[in-house]
Amino acid sequence: MKDKFGREIRSLRISITNKCNLQCFYCHREGHDSNNDRYMTPEEIGIIAKTSTKFGVKKIKISGGEPLLRKDVCEIIENIKDERIKDISLTTNGILLENLAEKLKDAGLNRVNVSLDTLNPELYKKITKFGDVERVINGIKKAIDVSLTPLKVNFLAMSINIKDLPDIMEFCRDIGAILQIIEFIPLKEELKGYYYNISPIENEIKEKADKVITRNFMQNRKKYIVDGLEIEFVRPMDNSEFCMHCTRIRLTYDGYLKPCLLRDDNLVDVLTPLRKGENLEPYFIECINRREPYFKIK
Ligand SMILES: Nc1nc2c(ncn2[C@@H]2O[C@H](COP(=O)(O)OP(=O)(O)OP(=O)(O)O)[C@@H](O)[C@H]2O)c(=O)[nH]1
Ligand SMILES: C[S@@+](CC[C@H](N)C(=O)[O-])C[C@H]1O[C@@H](n2cnc3c(N)ncnc32)[C@H](O)[C@@H]1O
Ligand code: SF4
Ligand code: SF4
């Protein structure tokens, strides 16, 4: 199904918890600041995910909060697994990854993205409040060992960590990870000072690139191959092209379909009808009809 702007639906991003074991000062909390404890069970998540395939979803992303905090994360993956879903991935801060990697792979997870803004232990702690970067590095290595690949390292580019980018690039090249450079979305006035314009970095990488790839169904994101390292850019800010090629809907941890990451005012409750035994398809149609690009051509 396409939305009113002609955008197809290809992927569903599911937040499975709002809880986290870190406290990154910048966290956008997946655009849903809620504190209720109406959690979906693994079976309910599975039913909603399978229903989404009728509208074109082929890829599922599991996110949070921190998704590995859910003790039943493997059961959730097992419930999502379906021959119509070609890719199940999970985005994590990596703190709990080392011990869980093998179980996640066995449950049917295809790959992981791991957030890592610096290799410097002090700066990592300053950004995340509680984090031990060594655990994240061990988690990444274990995930690659058990083939949760291609593994992406998410580097959120900010004024305070941009100097660490060369080290992160070398780290990714050494371990065979894809590097994803993400533009910082400053959600509050007081965060604006951390914004870093990544355009010059992208231009420099573009000049050195052996190959450039455009991800048509992923917001037209650009990927560059430089000396064997794959580098992808995520640049949503004021980017109408990014939003025009957005094929993603979301499911909040408390059971609402969410038409856009950056809006929390147009949600569609899907868990209440599921618990009443209703057909979920009209709720998906409503969510898709409510979709509109957040950044539009001015
Ligand atoms: N504005 C906006 N940002 C997004 C969207 N999807 C993902 N992001 C951002 O992209 C960054 C990377 O997200 P990930 O969870 O690693 O997943 P991904 O790169 O989108 O997905 P894959 O490429 O399939 O692994 C995060 O900062 C997200 O907030 C979106 O639809 N809109
Ligand atoms: C909200 S986290 C949830 C998954 C997991 N806890 C993690 O940190 O990877 C998902 C992604 O959103 C990114 N993110 C969080 N706040 C952001 C912001 N203000 N701007 C851009 N990306 C942000 C994080 O860097 C992370 O890669
Ligand atoms: S680890 Fe992820 S969910 Fe937790 S605070 Fe950091 S960005 Fe947010
Ligand atoms: S419309 Fe834009 S901001 Fe909203 S989810 Fe899609 S890409 Fe993100």
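Whatever order the structure lists ligands and atoms in, that order sets their numbers, starting from 1. If you read the sequence from its start, that first residue is 1, and numbering goes on from there. As the structure is a prediction and not an experimental result, all values here were calculated from the model.
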Checklist outcome for this item: the protein heavy atom lying closest to atom 8 (Fe) of ligand 3 turns out to be Cys27 SG, 2.4 Å
Checklist entry - Hey, is Cys24 touching ligand 3 through its side chain, its backbone, both or neither, going by heavy atoms under 4.0 Å? => result both
Item to check | Given Leu148, Leu151, Thr92, the one that forms side chain to side chain contact (heavy atoms under 4.5 Å, CB included) with Ile140 | outcome: Leu151
Next on the checklist: Need the ligand 1 atom indices (1-based, order shown) with element for anything under 4.0 Å from a heavy-atom of Thr91.
Outcome noted: 14 (P), 15 (O), 16 (O)
Checklist entry - Which atoms of ligand 1 sit under 4.0 Å from any heavy atom of Lys59? => result 24 (O)
Checklist entry - Has ligand 1 got any nitrogen or oxygen that is less than 3.5 angstrom from a nitrogen or oxygen of Asn154? => result yes
Checklist entry - Is it the side chain, the backbone, both or neither of Arg10 that has a heavy atom closer than 4.0 Å to ligand 1? => result neither
Checklist outcome for this item: Looking at Leu156, Thr91, Val136, Asn93, the heavy atom closest to atom 25 (O) of ligand 2 belongs to Leu156
Next on the checklist: Tell me whether Ile185 has any N or O atom under 3.5 angstrom from an N or O of ligand 2.
Outcome noted: yes
Checklist entry - Where the closest heavy atom to atom 8 (O) of ligand 2 is concerned, which of Ser115, Ala157, Gly65, Pro186 has it? => result Ser115
Checklist entry - Counting heavy atoms only, which part of Lys223 comes closer than 4.0 Å to ligand 1: side chain, backbone, both or neither? => result neither
Checklist entry - Does an N or O anywhere in Lys152 fall below 3.5 Å from an N or O of ligand 1? => result yes
Checklist entry - Does atom 4 (Fe) of ligand 3 have a protein non-hydrogen atom under 4.0 Å from it? => result yes
Item to check | Contact check, Glu30 vs ligand 1, heavy-atom distance below 4.0 Å | outcome: no
Checklist entry - Do Ile85 and Thr53 come close enough that some side-chain heavy atom pair is under 4.5 Å? => result yes
Checklist entry - Could a heavy atom of Phe242 be found less than 4.0 Å from some atom of ligand 1? => result yes
Checklist entry - For Tyr224, which of Leu179, Asp210, Ile181, Val212 qualifies under side chain to side chain contact (heavy atoms under 4.5 Å, CB included)? => result Val212
Item to check | Result of checking Asp254, Thr252, Asp269 against Arg38 for side chain to side chain donor-acceptor pair (under 3.5 Å) | outcome: Asp269
Checklist outcome for this item: For Glu183, the ligand 2 atoms with a heavy-atom partner under 4.0 Å come out as 21 (C)
Checklist entry - For ligand 2, does Asn154 get within less than 4.0 Å through its side chain, its backbone, both, or neither, judged by non-hydrogen atoms? => result side chain
Checklist entry - Quick one: does Ser115 get within less than 4.0 Å of ligand 3, heavy atoms only? => result no
